[in-house]
Each structure stands twice: as C-alpha cells, then as structure tokens.
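Here the structure is laid out as structure tokens; the discussion comes afterwards.
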Number of protein chains: 2
Amino acid sequence: MAIRPAEQLIHKAAWLYYAHGLRQDEVASQLNISRASVAMYLRKARETGIVNISTSTQLFTDDVMARKVEDAFGLDAVWIAPENAYLADPSTDIAVLAASVFLELVKKGDRIGVAWGRTIYTIADIMSFADLQDVTVVQLCGNLGAPYSYRPDQCTMEIARRLNAKGLNFYAPLVLSTEGLAKSLRAEPVIRDQLAGIADCDLALYSVGAVDADSHLVKCGALSPAEMETLRSQGAAGVIAGQIIDARGEVLDCSYNRRVISAELASLRAIEKRLMVVQEDTKFEPLLSAIAGGLCTHLVIGAHMAERLLQHAAAATRKAS
Amino acid sequence: MAIRPAEQLIHKAAWLYYAHGLRQDEVASQLNISRASVAMYLRKARETGIVNISTSTQLFTDDVMARKVEDAFGLDAVWIAPENAYLADPSTDIAVLAASVFLELVKKGDRIGVAWGRTIYTIADIMSFADLQDVTVVQLCGNLGAPYSYRPDQCTMEIARRLNAKGLNFYAPLVLSTEGLAKSLRAEPVIRDQLAGIADCDLALYSVGAVDADSHLVKCGALSPAEMETLRSQGAAGVIAGQIIDARGEVLDCSYNRRVISAELASLRAIEKRLMVVQEDTKFEPLLSAIAGGLCTHLVIGAHMAERLLQHAAAATRKAS
DNA sequence: ATGCAAATTTGACTTTTGTCGAGAGCCGTG
DNA sequence: CACGGCTCTCGACAAAAGTCAAATTTGCAT
C-alpha cells in the first residue's frame, strides 16, 4: 500500500498538532487548508492510530487488592476496576480498562490470539486505534453461524482493524455434528496450520464463559439448555474459547468437546501472556477453574470479583492449615 | 512514594476523560469538582506522563530517502525530517522528531545512556513526558563545570525527569589536567562501576560534535581554539561523548583523550540501539566518521544532510568501481 | 465530452476547553 | 490565635476545537 497523498496530509497535520504543539489554525495555515479540514484530519489520525493517546493503567495495578490477588493466585499481573465508583455502567469500566491493558501489553511484531464473547467484543468495540507494525491477530476457535454481532471472526477482525494488524480467521465451524467430522477437519492443512500457529502467539485475549442457559453456546444453538445442564452435572465449570473445562481447568471429557474446533488448552498455556477479562460477577466459578488450569497470567476484573477471589483464597488457606 | 490523594484524583480524571471519552464537565460532576479543576488535572496528567500522546514516526522512515540512507550505510533505521517544509525553525523539527523516535525506542525496564550537547538538551527540552517503569538514565561522560545550561548532568537529569526514570549521574569532571589523574580517577570504584555499566545499556542517545572553534569543548574551556585546530590537523574528525574521534570513528591517540573520563567507544558499540541525532549541516564529516566507527545504528537527520550522505555514498561507489 | 455520485473542503455556528485572578482552606510560626 | 505564605479551587471569560450543511472538486462510467 503506497502512501496516498491524503495519508501524508493526515500525518503532517497530526505531526504539527501533536508533536509540535501548534494550534489547529496554525496547522491550517502551514498546510494551506481550512481549519475545519485540519480538525477532520486530526480525527482521522486518531482513528487510524497515527497518534496514540493512552492512559497509564498503573493505578489499577498499584491497588493493594490487586497485589493480594496476584500473590494469592500466582498471577503475573492483576488490574482491578473499582466498581463502586465513577461510572454509570460499571461493566463498561472493566472493558475500558481491559482495552487499555491490552494495548499496553501488545508489542510490535506480536502475534495475538483472540477468542470470542460479549466481553471480548465490547473490548474490541471501545478499544482505541493503534498503529502497530507486523502484528497478527489470530482467531482461537471456530466460528458460529449465528447472527450474533460478536461472532469469533468479528472479534478477531475488529481487533485487527483497530490495531492496523493482519487478521487471521478460522474458516471452520466451532462445533460439528459428529466427532469424526471434527477430527477430519482438524486434520485439514488449512485448519491444522492455524491450530498449530496458536502456540506461537505472544499474547492471548479471552474471557471465560459460564455453564448455564445464558451462555453464548446456548444462545448460538451450539448446545441446548438441557445439554448444558447435563454437562454441568458431569463437572463442566466454564467455557474457554468454545470448549468446556472442568473445575481443574482441564478439557472436560465429553462428546461436545470432541466435536469442537478450537485451540488446545496446551497451546493456550504455551502463550506467554494470557490476558483474561471477566466482567460478570456470576462467572466466579468459571474464573476459578480457568485460574486453576493455568489459563491466565494476566487478569482484569472488577472490585467485587476481586473480593470474592480473596475470600475464597483465604478460606482455602484456613482449610489447609 | 505512596500515592497521594491528589495523584489519585489526577489519575481518575485522566481515566474518565481519555479512556472513557467523557467531556470535562461530565468528569467534573462525576468527581464533584469544578470543570476548571478537571482541566488543570488533565494538564498535570499530561505533564506527568499518566497519559501519553504519541504520534507515529512511521512517515519519516517510510520516506524513500530514509531507506536509501539505511541501505547505503547499513543502518538499522533512519528518520529524515523534511527541512523544506512546514516549520519556521527547521532544527526544532529534527529535535521534535528525535524526541518522538526516542520515546518510541524506549521500553520499560531499559537502561539508557545519554551524552550531552545542545542537540541533546533541545531534545530533552521538547520531549513529552512518559511514565516508563524501571527505566534508568545513565550519563555517558564526565561533567563540565561551565555554566552552560546543557551540561552533561543536566541532559541526563532532564531526560530522566521526563521519563519518570532514575537518573544516574557521573560525579567526575569530563577532562582532567593530567593523564595520571584521569587514570586514577577511572580506577575509583564509583567511577569504574559507572563506566562498566554503560555497556549494559539498551539504548544510547547522543549527537556528534564538530572539531572547530564552535565546539562545546571549546566553549566550555576544555580545549582552546588553537588546541582544537592542532587536533584537527592530527586527524580529529568529530566529538562523541566528549572524546575526539578520527575519520574511522576510532578514538584519536592524543593527550586530551587520555585525560577524558567518558564511555569507551567499545562500550558504546555494545549498546544495542545507538540513536544518533544530528541537527547542523556542518556536522557532515563528524557524522561520517561516527557512522564509519559503527557508533550509530539509528539515525535522525534533516533532509539536506540525508542528501549529502547519499551523494557521498554514490561517489564512493563510483570510485570503487 | 458529459453527467452523476462520492468524496472532500469550506465557512458559519455551537460546544468544549484553557486560563486567570479572586477567594477559600490549610499549616507552621511568631 | 492571628498572621503571612502556600496551595488548591472556582467562576467567568476568551480561545480553541468540533460539527454540519452547502459548495466544490474528484473520479468514473457512460
């Protein structure tokens, strides 16, 4: 892609305005265009990631509670969004924080694995634009045909778009009707390569799903509420990248899982930075399972969830002693 | 340093404004303070590096000329500030670009070596603030007593301040009166450690000085114009971190150099990223020497200088064939 | 060439933001 | 406890930035 003259102009305007600190009208006269155009270019510059405005997430890690959670569960880093506070919609707060944290963790040249779900899509949606070079965003699991606005491929593509990165989609359904078909499909070169490439990621972004009738798996028709209930009784504790995990954070041995096309947990664990974001308080059990299974090294949660985690850890310690 | 309540407020305001995209009056009502205060907090947030506004320097590397210079001299990356263009003062343009490039190259946990000079101080002066963690800025050479506003320690400290980093100063004069004293001083544990630590840097920032009466070495009284002239006739081609180098980019064998307390060129070459910034067109020869000596991997120059470099490279190629 | 649609640019208007001096609160000191 | 000196905060005004519909240019297919 050659640099179009328009892009050049955007860049110059952004440079004069943000780097040199000129005012818009000064920029306008420098470039011989109207101030209104400058304003427009600047907006584009922000939307393209030519300029980057990021706020430090330091404060949220500095929190004592965050430190405690890190220690209690052996995580690399924890960010806690203060639910009590500021905003009308606290769940947005977590997503905004997650987006900032995510952008802070991404580096040039990285390969990033992205799962799917409402949480992830919300993050993608509010994430600001960046101009990373040589970044690849790969989809961690197969697709769902449902007319959901946050399909796996959508999440991947949207994040890739925001990062000015390359998006690598998974051209396979998440769930197949027979185990045999799933096995054959997994053996297909295209799919196999994609699956193999997951362990090479530097960063993964996912959430964890609950095992109930509200799950996306149910809403998308991959599983019926009754099946979900059965799985639950068989030990299902959460959903990671479309797969059912048990309380230890291992893949549950069930037909459904064998019919799924998704990243193997071992591949996920091979990823250096595993950023997990949990918005809903109801996902306490699933989160515990995911942590138990070593599926997360970096965690973004709300204050309430943090408290529950700490209570749980304290109780476990008491029991042990 | 505990988080003072004021800092907390600044952080919250910055968060709501920049991350959530609220307007200042909305932030004000959320935090129950006046909008004017919010505006003030936001300014502080920018000045502290809690929020980071950076513009991509992509465009300046994308330039065909920059690529040519990279190829011709085997450099890792070159940025060219278009002199013709926009700004009243073209030399500022180079400094602004250099500051952006520098901030782009710095990573958390880095150790950064900083030399001194008008160029470096200008860069420090216009550089925006950042909130890097665990960054150490070390001074590459001894100090000059002169009442210059851009003394080595000033450059180091100012850059450290902007980055919220730790500044490690050199408590020794740049030049001593006898070689013996210099040798003894270099053997002092404090100084020796500092010198030894230079090779561990991840990034160096310096310029190159010209060997003439305008040199800082002359202005600060380290050398007289006559001495400078003599050195020049002996093969002096440039000044790096207070040391005289010859046309091959090696330390010139002279009394002055033996009396200097500064980073050894070998230590500088051990630094992975060596960012050299040259503002003045008159520094063409010194720059060539520095490049020849492998003292720079990353280069920020003006368009005019770039042209001269390319012309030189072309001439050399012609001569060779 | 010609006409049409899409994109770009602009001037005029509105909203948002920056700034300044006045006043309020706070603290150590005499 | 009254006093200056200090910082922090606010209201009001000025400056700057955002927005929109109309005008212009551009690109493209006819």
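For the numbers below, each heavy atom of this structure counts, side chains included, while hydrogens, waters and symmetry mates do not.
- Between A:Y18 atom OH and D:dA16 atom C1' the separation is 13 Å, expressed in whole Å.
- Checking C:dT8, D:dT19, C:dT10 against the side-chain heavy atoms of A:A39 singles out D:dT19 as nearest.
- As a whole-Å value, the separation of A:R43 CZ from D:dT19 C1' is 9 Å.
- Side-chain nitrogen and oxygen atoms of B:S34 include none within less than 4.0 Å of the OP1 or OP2 phosphate oxygen of D:dT9.
- Look at CG on B:L9: it is 18 Å from P on D:dT7, rounded to the nearest Å.
- Under the side-chain contact (heavy atoms from CB on, under 4.5 Å) rule, A:I301 has a single partner from A:V278, A:V277, A:L97, which is A:V278.
- The nearest whole Å value for the distance from the CZ atom in B:R46 to the C1' atom in C:dT19 is 13 Å.
- Nearest nucleotide to the A:S37 side chain, out of C:dT19, D:dT19, C:dT9: C:dT9.
- Not a single side-chain hydrogen bond (donor to acceptor under 3.5 Å, both in side chains) links B:S128 to another residue, sequence neighbours left out.
- Atom pair A:M40:CE and D:dA16:P shows a separation of 21 Å (rounding to whole Å applied).
- Salt bridge A:R161/A:E158: present, at least one basic N to carboxylate O contact under 4.0 Å.
- With sequence neighbours excluded, the residues that form a side chain to side chain contact (heavy atoms under 4.5 Å, CB included) with A:M157 are A:N169.
- Rounded to a whole Å, the CD atom of A:Q24 is 18 Å from the P atom of C:dA12.
- Rounded to an integer number of Å, the gap from CG of A:L31 to C1' of C:dT8 is 15 Å.
- Phosphate proximity of C:dT8 to A:Y41: absent, as no side-chain N or O sits under 4.0 Å from OP1 or OP2.
- Taking both residues in full, the closest heavy atoms of B:N143 and B:P152 are given as OD1-CB, 3.5 Å, listed atom of the first, atom of the second, then distance.
- For A:K44, the listed nucleotide lying nearest its side chain is C:dT8; candidates were D:dT19, C:dT8, C:dG18.
- Across the protein-nucleic acid pair, B:D25 atom CG and D:dC10 atom P stand 14 Å apart, rounded to whole Å.
- In the interface, the side chain of A:R35 is paired with the base of D:dG18 through a donor and an acceptor atom under 3.5 Å apart.
- Residue B:I33 is in sugar-phosphate contact alone, with no base atom involved, counting any heavy-atom pair closer than 4.0 Å across all strands shown.
- Closest to the side chain of A:R23, from the set D:dC10, C:dT8, D:dA16, is D:dA16.
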